[in-house]
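Please read the structure below before turning to the comments.
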Amino acid sequence: MQLKSGSKVLDLKFAQVMGILNVTPDSFSDAGKFKNLDIALKRALEMLAQGASIIDVGGESTRPGAPDVSLDEELARVLPIIEKIKQNSDCWISIDTSKAQVMREAVHAGASILNDVRALQGEGALQAAAQLNVPVCLMHMQGAPRSMQSDPRYANLYSDVKDFLEQRIEACLQIGIKKEQIILDLGFGFGKTMDHNFALLSATHKFVALGYPLLTGISRKSMFGQLLNRQLSDRLAGSLAGALIAVQQGSKIIRVHDVGATVDIIKVLNKVNSFNK
Ligand code: 7PM
């Protein structure tokens with residue numbers, strides 16, 4: 001299993017780590033802008049040195065509960081850092097956005113994966129993805145970011161998530177996106193209770209069996225905060241345990257804040273699994 005984008009190839013024989021790079025809103029002064037850009041570049045290079053193979057650049061428009069960010073604002077946040085990373089590294093960059101125009105400009109600036117928490121349901125997003133011919137991550141979300149965490153319910157959790165993902169796969173194939181370009185994501189924390197999240201984590205292997213690379217995004221999420229009674233800064237152990245479970249069940253991309261620690265646990269798992277072949 002591998003991902004292709006232009007001449008780039010990402011081997012998914014072993015799980016890969018995607019490092020989260022949140023692009024903070026720039027201050028009004030130019031000095032502030034350059035400083036933020038510099039901090040973000042340093043962070044990206046640090047995550048790459050720790051073994052990340054993808055940097056996920058997000059302008060925060062897709063964060064649950066976050067206020068909507070305008071197109072111009074989102075472009076101003078993400079394009080400079082994508083360009084900066086490209087000047088310093090040949091790594092894979094994913095762009096966390098739901099806006100077709102951001103997808104286009106980000107890919108032109110050097111991004112090579114589209115990471116859309118709305119699974120290309122936004123205006124023009126399917127068409128943009130098909131034209132750009134880069135891998136796309138389709139994530140499940142129930143409801144909309146503003147309200148999705150108030151009492152989420154499912155008739156059947158597993159089949160609701162599976163049916164949604166299959167519908168989005170079908171929409172992608174219809175418009176000409178190749179099967180090999182599709183990544184699936186269960187959308188932990190997006191319209192799900194703690195128990196929904198852990199039940200989905202335990203069903204990772206069933207989603208892997210659909211035949212697409214699975215991306216798991218659980219790093220520091222509230223499922224660990226609730227289960228373990230831990231603040232955001234204290235969820236590393238929970239997140240690592242979750243990552244290990246996901247990778248053991250076949251998830252291929254782990255989206256995390258703590259790159260070095262996650263790379264280590266994947267190496268341990270790969271070593272152990274090398275004896276059961
Ligand atoms: C507040 C709550 C801030 C949640 C940020 C978040 C995912 C993603 C995010 C995911 C994919 C976070 C989330 N989560 N993209 N973007 N999968 N593909 O914890 O699970 O980073 S935002």
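Values in this document were obtained by computation on a predicted structure and should not be read as measured data. Counting starts at 1 for both ligands and their atoms, following the listed order.
Inclusion of Phe188 in the set of residues having an N or O under 3.5 Å from an N or O of ligand 1 is not warranted. Ligand 1 has a nitrogen or oxygen under 3.5 angstrom from a nitrogen or oxygen of Lys221.
Contact of the Ser222 side chain with the Phe188 side chain is not registered, since no non-hydrogen atoms from C-beta on lie closer than 4.5 Å. With contacts defined as side-chain heavy-atom distances shorter than 4.5 Å, the pair Glu180/Lys4 does not qualify.
When only modelled atom types and interatomic distance are considered, Gln101 and Glu105 share a side-chain donor-acceptor pair under 3.5 Å.
Applying the 4.0 Å criterion to heavy atoms of Met139 picks out, from ligand 1, the atoms 10 (C), 11 (C), 17 (N). Interface of Asp96 with ligand 1, defined as ligand atoms under 4.0 Å from a residue heavy atom, comprises 16 (N). Atom numbering of ligand 1 starts at 1 in the shown order; those under 4.0 Å from a heavy atom of Phe190 are 7 (C), 9 (C), 14 (N), 22 (S). Here is the list of ligand 1 atoms found below 4.0 Å of a heavy atom in Gly217: 20 (O).
Remark: Glu46 does not engage Lys42 in a salt bridge, criterion side-chain N to carboxylate O under 4.0 Å.
At least one test fails for Lys162 against the ring of Phe207: distance under 6.0 Å to the centre or angle within 45° of the axis.
Closest heavy-atom approach to atom 12 (C) of ligand 1 among the candidates Arg220, His257, His140, Arg255: Arg255.
Residue-level proximity to ligand 1 for Val117 is carried by the side chain, the only part with a heavy atom below 4.0 angstrom.
Ring planes of Tyr154 and His140: tilted class, angle from 30 to 60°.
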